[in-house]
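Note sheet for the following structure.
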Amino acid sequence: MRGPGGDAPPGPPGTFPAELTDALVGIQRLIRRRLRGGLTGPRLRGAEVELLRLVESRPGIGVSEAAKELHLASNSVSTLVNQLVRDEYLVRETDPADRRAARLRLTGTAEKRLEDWHRRRAELVGGRLARLDGADCDALRAALPALRRLADLLHEDPEADGDPVAPVSAPAGAAAAPEGLWTEGTPS
């Protein structure tokens with residue numbers, strides 16, 4: 001049974017979190033699959049891409065700070081860094097303020113790969129948005145601030161506010177949980 005506009009009618013109020021999560025994860029999965037087809041280099045794992053995107057947004061970030069930001073163990077991030085340095089996607093530089101610490105920067109290869117991915121993702125999603133009617137585009141645009149606030153809340157330390165859901169430890173090389181706007185749809 002379809003509701004107005006051909007959409008499935010909303011489920012009971014308690015199903016909204018599952019419906020929202022399923023829609024977001026489904027969209028990201030489809031974006032990732034579509035973009036994977038035009039890949040020019042070796043496929044990267046989710047956690048590797050997360051780390052590259054973090055370094056892209058915060059050049060010079062340290063390994064322990066990256067581990068905290070990605071909700072991964074420091075040794076897991078160190079393993080990812082070693083692999084990405086070996087594959088020539090990251091450069092590890094000595095921190096001038098603390099010779100024991102390292103600062104991370106993208107290589108030109110990584111920058112080009114991420115630029116290509118950003119461009120291809122914008123073309124893919126932009127093309128599909130152009131096929132929606134104005135009301136749907138307006139609704140999606142209006143939802144962006146709320147989605148960003150939800151992402152911020154999900155990013156917070158669950159122990160700091162008494163959240164009953166404990167953080168999930170991800171094994172080395174695995175994408176950090178929960179999946180979502182950051183993890184999925186990456187230039188793998």
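Positions are given from 1, in the same order as the sequence printed here. Everything quoted here is computed from the prediction, not taken from an experiment.
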Going by atom types only, do H71 and E50 share a side-chain donor-acceptor pair under 3.5 Å?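 On atom types as modelled, these side chains do not qualify, holding no pair under 3.5 Å.
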Is there side-chain contact between [X] and [Y], with heavy atoms separated by less than 4.5 Å?
X: R58; Y: E69; value: yes
X: Y89; Y: R113; value: yes
X: L106; Y: L90; value: yes

Which pair of heavy atoms, one from [X] and one from [Y], lies closest together, and at what distance?
X: V63; Y: S78; result: CG1-OG, 3.7 Å
X: E88; Y: T107; result: O-OG1, 2.7 Å
X: L114; Y: L52; result: CD1-O, 3.9 Å
X: V77; Y: A66; result: CG1-CB, 4.3 Å
X: L147; Y: L20; result: CD2-CD1, 4.3 Å
X: A102; Y: R92; result: CB-CG, 3.4 Å

With rounding to the nearest 0.5 angstrom, report the [atom1] to [atom2] distance, [X] to [Y].
X: H155; Y: L70; atom1: NE2; atom2: CG; result: 8.5 Å
X: W117; Y: E56; atom1: CH2; atom2: CD; result: 8.0 Å
X: L104; Y: E65; atom1: CG; atom2: CD; result: 10.0 Å
X: L132; Y: C137; atom1: CG; atom2: SG; result: 5.0 Å
X: L51; Y: Q83; atom1: CG; atom2: CD; result: 11.5 Å

With sequence neighbours excluded, residues passing salt bridge (Lys or Arg N to Asp or Glu O under 4.0 Å) with [X]:
X: R86; result: none
X: R100; result: D98
X: D22; result: none
X: E93; result: R105

Answer yes if L140 and L30 sit in the same cluster of Ile, Leu, Val, Met, Phe, Trp and Tyr residues linked by side chain heavy atoms under 4.5 Å apart, and no otherwise. no
Is it possible for you to say whether V85 and L44 belong to one hydrophobic cluster, with membership spreading through side-chain heavy-atom contacts below 4.5 Å? yes
Tell me, please, which residues at least two apart from E123 pass side chain to side chain donor-acceptor pair (under 3.5 Å). R119
Holding to side chain to side chain donor-acceptor pair (under 3.5 Å), I want the full list of residues that pass it with E115, two or more places apart in sequence or in another chain. none
Look only at the side chain of [X] and the backbone of [Y], and say whether a donor-acceptor pair between them is shorter than 3.5 Å.
X: E48; Y: R45; answer: yes
X: T21; Y: A18; answer: no
X: R120; Y: L35; answer: yes
X: S76; Y: L72; answer: no

Between R141 and D138, is there a salt bridge with N-O shorter than 4.0 Å? yes
Would the number of heavy atoms belonging to other residues, nucleotides or ligands and lying under 6.0 Å from CZ of R34 be above 12? no
